[in-house]
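Numbering starts at 1 and runs along the sequence shown.
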Amino acid sequence: IVVLTVIFAPIAILLTIYLIIKRKKQIKKIKITDRHKYTDMLTSLKNRNYLNYNMKKWDDNVIYPQSFIVVDLNNIKYVNDNHGHEEGDNVIKKAASILIINQLENTDIMRTDGNEFTIYLVGYEEKVIMSYIHKLNKELKNSLPNKEYGVSIGYSMITNEIKTIDDAINEALIMVKENKGISNEEN
């Protein structure tokens, strides 16, 4: 029995180590897959899958206010059609970079559509949100390579459990469309 223990104990230890290493590699593969699943490949921001995955968790969040800001890049189709998709991608990447540089704490920035970004914020009062929107608008308009590109921004705030995440995003999108109309009239 002692001989068997001496022979099989090292084998059992090696087998255990092998299984632990194999399990860690599997977990690492899953994390890489999740990262790709929730990351926009063009901008490295979080994507719509990330938004959809977190909506229930955010709806259950009882920390108020919560806010959504939607940033829509105007005329990306025009840029793609007249200057090529590479230029359109460059505009989108530049906008993402500006959003990242100006990101506030306790926020998530997501690219939720081809030319649309959504920012989720927790714990910011409306005055701060308005100041942040003003700053983003200024930074984006000054940094985009051509003034014809432009941006439209909308927001919505959740101050209690009555308004849902979906309601807030829809309100912000409606404001974007209204602002886009104003922006087009100014040009």
Whether Y50 and Y38 hold their rings parallel, tilted or perpendicular, with breakpoints at 30° and 60°: perpendicular

Shortest non-hydrogen separation from K135 to N102 and the atoms involved: CE-OD1, 2.9 Å

Salt-bridge contact K93-D89 (side-chain N to carboxylate O under 4.0 Å): no

Member of V71, D113, V70 meeting the side chain to side chain contact (heavy atoms under 4.5 Å, CB included) criterion with T118: V70

Check: L121 and V128 side chains under 4.5 Å, non-hydrogen atoms: no

4.5 Å side-chain heavy-atom contact, Y64 and M157: no

In one Ile/Leu/Val/Met/Phe/Trp/Tyr side-chain cluster, 4.5 Å: M41, L73: no

Same cluster (ILVMFWY, side-chain, under 4.5 Å), I63 and Y120: yes

Nearest heavy-atom neighbours spanning S156 and A168: CB-O, 3.1 Å

Atom pair CG (D72) and CG (N115), whose distance is rounded to the nearest 0.5 Å: 4.5 Å

Residue pair I153 / I69: nearest heavy atoms and the distance that separates them: CG2-CG2, 3.7 Å

Check: Y124 ring centroid to Y132 ring centroid under 6.0 Å: no

S152 and N74 side chains, donor-acceptor separation under 3.5 Å: yes

Check: I169 and L51 side chains under 4.5 Å, non-hydrogen atoms: yes

Minimum side-chain heavy-atom gap N80-H85 below 4.5 Å: yes

Sub-4.5 Å side-chain heavy-atom contact between I98 and F117: no

Closest non-hydrogen atom pair, R111 against L45: N-CB, 4.3 Å

Same apolar cluster: I129 and I174, side chain cutoff 4.5 Å: no

Contact summary for K163 and I158, nearest pair of heavy atoms: O-CG2, 3.6 Å

Where K46 and D108 come nearest, the two heavy atoms and their spacing: NZ-OD1, 2.5 Å

